[in-house]
Every structure is written in C-alpha cells, then in structure tokens.
Protein chains: 2
Amino acid sequence: MDQMVKDFNVSCTNCSLDEICLPRGLSQQEVENLSIEVKSNISLQKGDYIYRQGDEFNMVAAIKSGSAKLVSNDGAGNEHILNVLLPGELIGFDGLFQNKYNCSAIALENLCYCVLPVGKLEGLCAKIPGIARELLKHSSEAINESQSQVMASKSSAEEKVAKFLINLSDRLKSRGYSAVQFNICLTRQELGEHLGLTLETVSRTLAQFQNIGFLNVQRKLIEIKDLQGLRQIFTA
Amino acid sequence: MDQMVKDFNVSCTNCSLDEICLPRGLSQQEVENLSIEVKSNISLQKGDYIYRQGDEFNMVAAIKSGSAKLVSNDGAGNEHILNVLLPGELIGFDGLFQNKYNCSAIALENLCYCVLPVGKLEGLCAKIPGIARELLKHSSEAINESQSQVMASKSSAEEKVAKFLINLSDRLKSRGYSAVQFNICLTRQELGEHLGLTLETVSRTLAQFQNIGFLNVQRKLIEIKDLQGLRQIFTA
DNA sequence: CGTATTATTGACTCCATTCAAAGATAGTGG
DNA sequence: CCACTATCTTTGAATGGAGTCAATAATACG
C-alpha cells in the first residue's frame, strides 16, 4: 500500500533543541520553512573543524550534540579560546562582517551539528518575517556574551574560574544536563587560554576550590559541591 | 511662484557618513526608504545619556558628530567602559537580545546622533532587502570588536595602551580626522576602566611612551610622533 | 582667587607568571 | 599484561608587573 514516506532526518520541526536554537521565536509555519533549508546532523570527531579562521563565510551552524570551542589566533602567535559551545548554540555570526570567519570552531568531543547555508539567508529573511529578528537576537546575545567576558577579564583568578564554572553549570542545566556534575572537555592549558590565565594558575585555583569544599575535581570531571559558595566568590 | 519645499533635515541620502554608517551597503533607493524612518540630528551635551543600561530597547542610534562611551555596570559596583564611539558608528544592538540595553551610552563631548526606532525595524527588513544584511553585518562587526577586546585583555599595560591609541588613530583617519593628533575625551580613570588598568598605570605608560619619543602627551591631547614604533609594541 | 577635579610620581605590596621538577593518566605496541 | 611514551596535571620556589597607598602638582571652573 502506497504511503507517504516520512523524512527521517531530524529537522527543526521536531528537534528537541528548538527552544534554545534558532527556531525559538518563530511560529510553527516559520520553523517548517526554515527546516527545509537546514542541513542537519553532520557529525564530527574530537579535534575536527566545523570551520577555520579565515575561511570564507558560508554558513551559520548550530551545535546539536557534543561541545566545541571557538579559537582565535591574533597573528602574533597567541591563541585565545573565545568560547565553549553547547548543544543548541549557534556559531558563525562573527563571519558576517568581513565575509570570512574570525575564529575557528573545533569539536571538543564527538559532535553533531546543523548548517544554515549563507546563500539561503537573504531569501529566508524575505520569506520568513521573524527570521531576521531571531538572527539579530542571536547576534546580540553573542555581543552580550563577549562584553561580559571583557568585564570578567579584569577580575581575579578565583573569580574567573568560578564564573566559568557557574556559567557552564547554568547553561548545562538549561539544556537538561546535570548542573553539578559535568566534564569540562578542556585541558588546564585550554582553560587558561580561555580565561586569560596560565595552566598552573588554573590548576592551583581548582585545587584551592577543592580544598575549601566547593568542588570535587578529578581531572576534567567536575562536581560542584557548593554552588552557593562558588557564586559568592564574585557576588561578594 | 509655488515651488517644492526641500526638507533641510540632513538625512541619510545626503549624509557625509553614509559610507561608514548604516547605509553603506544599500542602494540609493534603499537609502531613501531608510532615510524616511530615521530621525536625524538630535543633539546632546557632555555627560548626557543616549540611553541607559536597563532601559527598554527602543532604537538603534548612529553617532553623527562628537564621541560617546559605552558603560556597563556589572551589578557588583564595577564599571567598565566597553567602547568609545566615533561618528558613523552604530550603537544599541546589545539591546536586541533581552529587549533592554545592556549598557549606557554617554556623550563624551557635545554630540549629534540619529535614531532608527525599533518599531520600524521589522517593517524595514521586509521592505528593504539589504537592510537585514546590513544590520547583521553591523552586529557581526560589534562581535568581532568585542572579541578582539577579549584577546587584548590578556596583554601587558604597554600593549593595551598602544593598541587603544592605534585603534583610535585608525578609526579617526578613516573618518577624515587627523590620525596623529587627537583629543581622547577620556580621563586616565576612564582609560583605565576601558583597558582594565588603574589610572596610575595608564599615566605611567603614557609618560613612558612620551619618554621613548612615541608620543607627545598633554593631558587629553595626544600627538603620535612614531606610529610605527607604537605599532611594533604589539606586533613584535 | 579658591576649590574640585584630574594627573603625576614614588615606595611598597601582592597576585599571577615563570621556571622547574615530579606525579598521574591514557594510549600504544610488543 | 606490562613497559614505554606522550600528554596532562600538580606542586614548589622565585620573580616581576601592575595594583595600592600616599603625597604632590597641574589644570579647570565657579
């Protein structure tokens, strides 16, 4: 018996991340229109690139599972980890300005992501009323995020590490993961590159938090034992 | 004799800043459509607010003359100057995400600006094909700017001050002002709040640059005597 | 002219870096 | 399974750059 064949590709319309990803502010009809243009579930292994700094800007991507890092090289040989990305988060907006990516996106573990090709963007903005607003909103979120990082850069090592852990915890929680136990997929070196500290200082600060009783640290596995205490480090 | 009365309001169509401001990527027809919605030439005095942190997001603004600073308060009493704004630069995108401004914009001297009301935005995006792209591009530029500030925050006091001066010099030059002599409208305190340094360190670093022969410093008036030398501080 | 604000300069302190060494863990191949 | 290696992490000691505290100087402003 003939039957309509359902497309089994996970699309935006039935994605569990639709509340935190691009579709969050769109109507069901709009999401369906968006869904058609999105290439979903591309998978990568640890260390693989989603895109490279300097590459021509050709897509905006959404992390579907796993995590990634945004790495920027300033030309003088210094690498900085701009951000760590979790499922539902969008990347690539930095490439719009000069039509090439301003940083590299690299998988920190096995990872799936979706792609919105840049060629479809202008058409989508015309066809889907809400999409321009949502894209701008996501950009605005990225601006806010960068700005709070700039502000955090003035603070002490303890505050930096505490803020990073709390921020990660909050974001994991809002995605349905445990807020108190998680794997930071970064080495101490990478944590340092993200926070503007040396790897030794990161190590010492984590050890200190463990001694106080705020954390249990086993290499990359972090257990937050006193979220409140950790929070007070930078609200005090 | 009856004659068409020309509107003498300076509008986007005949603004000298059209190559660096919002209209930069739009066709003449598109700029005319944009121009209708833009309220131009609002003037302020030193210290006045363009908008305040926490205010409802209701417009994107473009500096027309004079300069402004973006100030963010982190709630723990720390103020940070996110950026200094020059003619032709757009502000307010940070407000899109949460529908309220993430920082305050304050005039550093007598200042004129134009306003694009947020209510007109969605309509404009639909009516003017290029406008969504241009807005996104400006957001992307803001992201890139913030990201390079994050990276710069790791560097030494000398590098920070040198980068700030070079950056300002470049932007002034592209706007037709002198690249080698200008008035930084910020106090040492404010410079410090922008660069993540104390006012004393800023003062000492400027004095040092003067001793080397890179600068002539007379309070807020800066003369760059050796742009090349200044540049080498952070390219070396 | 007097006051408030802003800027400079010096001496001392402290936090994070640097340098160094040793320990822990994961992965590989015999 | 163990040995071997590479990578990552921890910890200690010494150093240094920017912060802090304090006093003075220069400028702006009513």
Side-chain angles (χ1 to χ4, degrees), chain A residues 45-47 69 77-81 106 108-110 151-165 183-212 214-223 233-234 236, chain B residues 45-47 69 77-81 106 108-110 152-165 183-212 215-223 233-234 236:
Chain A
Q45 304 214 311
K46 179 176 177 174
K69 61 176 178 179
N78 306 311
E79 292 228 316
H80 189 92
I81 296 183
I106 304 173
L108 287 170
E109 54 191 319
N110 291 347
M151 295 185 66
S153 70
K154 284 198 292 189
S155 53
S156 68
E158 290 170 39
E159 287 176 306
K160 285 175 176 177
V161 174
K163 268 182 187 158
F164 173 79
L165 292 174
N183 192 324
I184 52 168
C185 295
L186 303 171
T187 64
R188 303 288 186 265
Q189 170 71 38
E190 288 173 313
L191 268 172
E193 280 170 17
H194 179 45
L195 299 175
L197 299 170
T198 58
L199 67 98
E200 293 94 331
T201 301
V202 171
S203 177
R204 275 186 258 264
T205 307
L206 287 173
Q208 180 192 341
F209 285 169
Q210 177 156 253
N211 290 337
I212 300 172
F214 287 173
L215 301 176
N216 248 336
V217 183
Q218 266 163 346
R219 242 138 196 262
K220 287 168 187 157
L221 193 68
I222 305 280
E223 183 193 355
I233 287 179
F234 56 85
Chain B
Q45 305 215 310
K46 179 178 178 172
K69 61 177 176 178
N78 306 311
E79 292 228 316
H80 189 93
I81 295 182
I106 305 173
L108 287 170
E109 55 190 320
N110 291 349
S153 69
K154 285 198 292 189
S155 54
S156 69
E158 291 171 39
E159 287 175 307
K160 285 175 176 178
V161 174
K163 269 182 187 159
F164 172 80
L165 292 173
N183 191 325
I184 51 168
C185 294
L186 303 171
T187 64
R188 302 289 186 263
Q189 171 72 37
E190 289 174 314
L191 268 172
E193 281 169 17
H194 179 45
L195 300 175
L197 299 170
T198 58
L199 67 96
E200 293 94 332
T201 302
V202 171
S203 178
R204 276 186 258 263
T205 306
L206 287 173
Q208 180 192 341
F209 285 168
Q210 177 156 251
N211 289 337
I212 299 172
L215 302 176
N216 248 338
V217 183
Q218 266 163 344
R219 244 139 195 261
K220 286 168 188 157
L221 194 67
I222 304 281
E223 183 193 353
I233 287 178
F234 55 85

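Every chain is numbered from 1 and lettered A, B, ... according to where its sequence line falls, protein lines coming before strand lines. Heavy-atom basis, side chains included; hydrogens, waters and symmetry copies ignored.
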Engineer: Please state how far atom CG in A:Leu221 lies from atom P in D:dT9, giving the value in whole angstrom units.
Structural biologist: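 Atom-to-atom, A:Leu221 to D:dT9, this comes out as 13 Å.
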
Engineer: Between atom CD in B:Gln208 and atom P in C:dG10, what is the gap in whole Å?
Structural biologist: 13 Å

Engineer: Here's a test for you: under salt bridge (charged side-chain N to carboxylate O under 4.0 Å, His left out), which of A:Glu190, A:Glu193, A:Glu79 qualifies with A:Lys69?
Structural biologist: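 Option passing the salt bridge (charged side-chain N to carboxylate O under 4.0 Å, His left out) with A:Lys69: A:Glu190.
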
Engineer: Return the value, rounded to whole Å, for the distance between atom CD of B:Gln218 and atom P of D:dA28.
Structural biologist: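 Whole-Å distance recorded here is 11 Å.
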
Engineer: Figure out the NZ/P separation between B:Lys154 and C:dA16, and round it to whole Å.
Structural biologist: 16 Å

Engineer: When you measure only distances, ignoring hydrogens and angles, does the side chain of A:Glu200 come within 3.5 Å of the base of C:dC19 through a donor and an acceptor?
Structural biologist: yes

Engineer: Assess whether one donor atom and one acceptor atom, taken from the side chain of B:Arg204 and the base of C:dG10, lie less than 3.5 Å apart.
Structural biologist: yes

Engineer: Side chains of B:Leu191 and B:Ile81: does their closest heavy-atom pair fall under 4.5 Å?
Structural biologist: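 Side-chain contact under 4.5 Å: no.
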
Engineer: So B:Gly192, base contact, sugar-phosphate only, or nothing? Heavy-atom distance under 4.0 Å.
Structural biologist: nothing

Engineer: Locate the shortest heavy-atom distance separating A:Gln210 from A:Val217; write the atom from each residue and the value.
Structural biologist: OE1-N, 2.8 Å

Engineer: Could you work out which one of C:dT8, D:dT9, D:dT27 sits closest to the side chain of B:Ser203?
Structural biologist: C:dT8

Engineer: Could you pull out the closest heavy-atom pair between B:Cys185 and B:Leu108, with the gap in Å?
Structural biologist: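 In terms of heavy atoms, the two residues are closest at CB-CB, 3.8 Å.
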
Engineer: What does A:Lys220 touch in the nucleic acid at a heavy-atom separation under 4.0 angstrom: a base, only the sugar-phosphate, or nothing?
Structural biologist: sugar-phosphate

Engineer: Whole Å only: how far is the CG atom of B:Asn183 from the P atom of C:dA7?
Structural biologist: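 These atoms are roughly 11 Å apart.
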
Engineer: For the residue pair B:His194 and B:Phe164, does the interplanar ring angle fall in the parallel (under 30°), tilted (30 to 60°) or perpendicular (over 60°) class?
Structural biologist: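 Judged by the thresholds at 30° and 60°, the geometry between B:His194 and B:Phe164 is perpendicular.
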
Engineer: Would you mind reading off the distance between B:Leu191 atom CG and D:dG19 atom C1', rounded to a whole angstrom?
Structural biologist: 17 Å

Engineer: Can you identify which nucleotide, out of D:dA18, C:dT9, D:dT27, has its nearest atom closest to the B:Arg219 side chain?
Structural biologist: D:dT27

Engineer: Between D:dT9, C:dT9, C:dA16, which nucleotide has the shortest distance from any of its atoms to the side chain of A:Ser156?
Structural biologist: C:dA16

Engineer: What is the distance from CG of A:Leu206 to C1' of D:dC8, rounded to the nearest Å?
Structural biologist: 13 Å

Engineer: Looking across every strand, which nucleic acid part, if any, lies under 4.0 Å from A:Leu199 by heavy atom: base, sugar-phosphate, or nothing?
Structural biologist: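 Base contact - A:Leu199 has a heavy atom under 4.0 Å of at least one base atom.
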
Engineer: Using a distance-only criterion (donor-acceptor N/O pair, under 3.5 Å, no hydrogens), is the base of D:dT27 paired with the side chain of B:Arg188?
Structural biologist: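 Looking at the base of D:dT27, it does not pair with any donor or acceptor on the side chain of B:Arg188 (distance under 3.5 Å).
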
Engineer: With a 4.0 Å cut-off on heavy atoms, is B:Thr187 in touch with a base, just the backbone sugar-phosphate, or nothing at all?
Structural biologist: sugar-phosphate

Engineer: Given C:dA16, D:dA22, D:dG19, identify the nucleotide with an atom nearest to the side chain of A:Ala157.
Structural biologist: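 Closest nucleotide among those given: C:dA16.
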
Engineer: Once you round it to whole Å, what is the distance between P of D:dA6 and CD of A:Gln189?
Structural biologist: 19 Å

Engineer: Given D:dA18, C:dT17, D:dC8, which nucleotide is nearest the side-chain atoms of A:Thr198?
Structural biologist: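 Looking only at side-chain atoms, A:Thr198 lies closest to C:dT17.
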
